[in-house]
Amino acid sequence: MMSAPVFAAHTADISQPRALSAHHGAGPEKRCGSPVSTPALNSSPVRFGEAAMDLARSLPLLSFDFASEADARFEEQYNCFEALAETMRDLAAKPDLSQADLFEKLNPMILEAAAKQPLVAVLCAKYGWSFEDADDLYVHSDTLMELGDQIALAEKRPPVESLADTLSILAANPNLLEGRLCEFVSTLATTCAATHAGAQVALAKMGLAAGNATLWARIEPNRMMLLSGEFARLTLGGQHTPPCTPTRRTSSFSMMSLSESTDMPRSRSTSRPSIASEPVVDRLTDAPNLPLLADLFRPAECERLFVRKLTLCHTLFDFSRPVKLEEKQIKTTLLGELLQHAERNEAIFTEAVQRAIVACLAANCFRGLPPLPEVVDTEPEVEYTEPAWPHLEPVYGLLVLLLCSDVALHADIGITPRFISQLFGLFEARDAREREAVKVIAHRLYSRTLAYRKPLRAALTNAFLRHAYEAPLAFGMLELLELQSAIVDGLHVPLRPENVMLLRRVLLPLHTAPLLEQYHPMLSRCVVKLAQLEGSLVPTIVAGLVKYWPATAGTKAALFAFELEDLLSTCTAADFAPCATTVLRQIHRCLSSPHFHVCMRGLSMLDRPVAQALLADHPSDLVPLLTLVAGHARHHWHQPVLDHARTLMPRLLALRGDSLGDGESMSSSQSSLESAGSSASSGVASGPTPMSVCCTPPEQRIFDFAAL
């Protein structure tokens with residue numbers, strides 16, 4: 001048997017890997033889990049080959065060990081918070097990125113960072129992130145940069161401070177606390193209870209268990225705001241002790257008791273009021289104990305007090321019964337103070353106050369409207385008044401002041417597509433003052449921020465389609481069409497396909513809906529404005545009016561005739577060229593109507609220059625119209641129609657003469673028309689009387705053109 005040194009001497013070229021491992025400071029025995037033994041061989045070539053194969057099998061273990069060491073160093077240098085923030089900054093520079101791609105790239109990184117710091121999940125939900133589906137995302141590229149900066153700083157926050165910020169965000173946006181976010185908040189509360197004695201006491205005081213996500217899902221916004229203040233005070237105390245460490249019991253979580261139990265220097269007492277020394281107020285009846293907003297001078301204290309009072313105003317009351325009158329008056333006084341302070345001080349509209357205002361409006365105004373009676377009087381002698389209007393008016397006023405101010409709106413104040421959909425549901429309220437307030441809010445939202453325009457248009461279209469095809473709205477259609485009219489006024493040519501689709505599938509079918517008399521002027525204005533912007537839409541509009549033209553309802557037919565007359569007075573003859581025959585036949589139908597309003601509109605349409613230009617291009621359609629106008633000029637029971645027909649008759653005869661090109665033919669045509677009119681007035685049986693012509697359907701009328 002050869003000894004080991006002899007093996008090393010005879011295999012100098014094969015032993016180079018051993019020298020390489022020694023150069024790195026550790027052999028395979030130290031790096032791998034099991035030592036690699038060097039076999040002792042004799043001079044047999046067969047045994048020598050087996051030893052070489054064993055050594056070759058050990059070499060991949062060395063390479064795997066080096067790779068695992070590199071992975072460990074990479075994991076030490078990798079920071080999921082910085083990587084997520086950097087990725088968000090990169091994606092913020094790509095505004096054309098779809099929501100699905102955004103969800104695919106960021107959601108795994110967000111979940112990884114949220115597992116280490118649950119505040120990340122709350123921040124993302126605050127900016128409109130959804131952890132389940134990309135279709136529910138409401139995150140824009142212009143907010144990704146701001147969200148990335150906040151996530152980069154979230155890692156360094158202690159658990160108690162993170163929980164305080166989390167509860168503050170959720171108190172202003174209570175609808176965020178659901179599903180996966182409850183688990184993140186519960187995990188964060190468990191961490192706080194394990195690292196801070198005061199946190200465990202504060203949670204127990206509110207009746208919350210740190211690891212119970214079900215309790216966190218049912219917590220009220222005002223309790224979250226109070227608990228946020230408790231944890232904020234614990235953060236100011238700066239003392240993090242484990243729960244097992246005995247601490248001095250405190251009677252309350254006020255700033256005075258915390259300053260006594262810590263080494264923080266006490267501030268010099270002043271006569272200026274401060275909300276830090278006030279007791280915790282969690283009921284509306286305790287609101288008079290809070291200082292007035294006008295007595296505070298520090299902006300931070302004024303902001304916190306404003307948000308606290310708004311949170312107290314989430315309390316709702318039943319105005320159908322005379323109960324809790326004192327509490328109702330307290331809330332009315334509180335809302336009046338908030339509205340007065342917001343009118344005088346525009347700087348109060350910070351991000352936290354904006355979220356609180358939106359949350360307060362959602363808590364007070366988004367409610368189930370009372371059912372309407374079976375017979376609804378759309379024009380009552382006495383206007384209906386909402387009993388809860390003293391509490392609703394200041395809440396609407398706060399949001400209107402915010403939207404009308406010069407303060408920039410933050411992207412995460414809680415105005416989501418769901419909020420906009422619920423806001424449009426308030427257009428069905430019976431109180432006209434509430435509908436007007438909702439209209440102003442929707443209009444200001446549309447004009448202030450581009451991000452809100454798409455959900456606003458979607459909610460508007462849904463309301464129109466519901467009125468046209470499902471359940472007609474007894475109230476609110478006029479305000480909705482006023483909002484649509486303002487949107488149409490801001491359109492530019494060429495119109496986008498979605499605007500053309502709105503005309504075809506929404507505005508034109510609204511002509512068949514009930515209660516058309518209430519909102520037709522505004523509907524006609526929207527349709528005519530679209531035709532004025534895009535002349536190629538005139539044939540589409542004319543075809544829609546002819547399709548939905550009422551057959552027996554004379555009052556409704558008069559509205560259609562008014563709209564067609566507005567089209568003739570707004571658009572040019574070139575726009576009506578593709579549908580000239582249809583327009584002239586519809587004018588003939590109006591002149592044949594027994595309803596004097598419809599007949600008067602027909603005469604007014606013939607008096608328009610565009611209609612006369614169409615008659616000059618289509619002389620074959622002039623003769624039937626001349627016959628009807630001549631009959632109305634001879635006799636008609638309504639004097640304005642008779643006078644208008646006699647005024648219009650010479651102009652039509654002039655058009656007839658121009659089309660014939662001969663004065664003699666014109667005179668003969670006029671005499672024949674007069675004879676036809678006289679025979680009609682004398683009741684000659686040779687031809688149809690004007691009344692019979694008026695009452696005969698258009699498709700059954702036969703005109704004797706040979707007599708002309």
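Values below: every heavy atom of this structure, side chains too, minus hydrogens, waters and symmetry copies.
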- More than 12 non-hydrogen atoms from neighbouring residues, nucleotides or ligands closer than 6.0 Å to NE2 on His595, yes or no? yes

- Task: Give me the ring orientation class for Phe596 and His638: parallel if the planes are under 30° apart, tilted from 30 to 60°, perpendicular past 60°.
- Result: tilted

- Item | Salt bridge present between Glu482 and Arg435 (N-O < 4.0 angstrom) | no

- Item | Heavy-atom closest pair, residues Leu409 and Gln354 | CA-OE1, 3.8 Å

- Message: Looking at Asp318 and Arg321, is there a salt bridge between them, counting it only when a charged N and a carboxylate O are closer than 4.0 Å?
- Response: yes

- Task: With sequence neighbours excluded, give me every ring pair (Phe, Tyr, Trp, His ring centres under 6.0 Å) pair touching residues 528-559.
- Result: Trp549-Phe560

- Item | Smallest separation among heavy atoms of Glu534 and Pro494, with atom names | OE1-CA, 3.9 Å

- Is any side-chain N of the basic residue among Arg433 and Glu436 closer than 4.0 Å to the acidic one's carboxylate O? no

- Message: Using side-chain heavy atoms (C-beta onward) and a distance below 4.5 Å, is Leu316 in contact with Lys331?
- Response: yes

- Working for side chain to side chain contact (heavy atoms under 4.5 Å, CB included), residues Phe576 and Cys571: CA-CA 8 Å; Phe576 283 95; Cys571 303; 3.7 Å; yes

- The complete set of side-chain hydrogen bond (donor to acceptor under 3.5 Å, both in side chains) pairs with one or both residues in residues 389-403, sequence neighbours excluded, reads Thr332-His391, Trp389-Glu393, Tyr396-Glu434

- Note on the structure: Sequence neighbours excluded, the answer for salt bridge (charged side-chain N to carboxylate O under 4.0 Å, His left out) partners of Asp566 is none

- Message: For Leu423 versus Val438, what's the shortest heavy-atom pair and its separation?
- Response: O-CG1, 3.5 Å

- Item | Distance-only side-chain donor-acceptor flag, Arg608 / Ser569, under 3.5 Å | no

- Query: Does the side chain of Asp575 pick up a donor-acceptor pair with the side chain of Thr572 at under 3.5 Å?
  - Reply: yes

- Item | Qualifying salt bridge (charged side-chain N to carboxylate O under 4.0 Å, His left out) pairs with a residue from residues 450-460, counting only residues at least two apart or across chains | Arg457-Glu498

- Does a sphere of radius 6.0 Å around CZ in Arg585 hold more than 12 heavy atoms from other residues, nucleotides or ligands, not counting ones at 6.0 Å or beyond? no

- Item | side-chain hydrogen bond (donor to acceptor under 3.5 Å, both in side chains) contacts touching residues 465-475 (sequence neighbours left out) | Glu428-Arg466, His467-Tyr519

- Which residue pairs pass the side-chain hydrogen bond (donor to acceptor under 3.5 Å, both in side chains) test with at least one member in residues 502-515, sequence neighbours excluded? His511-Glu563

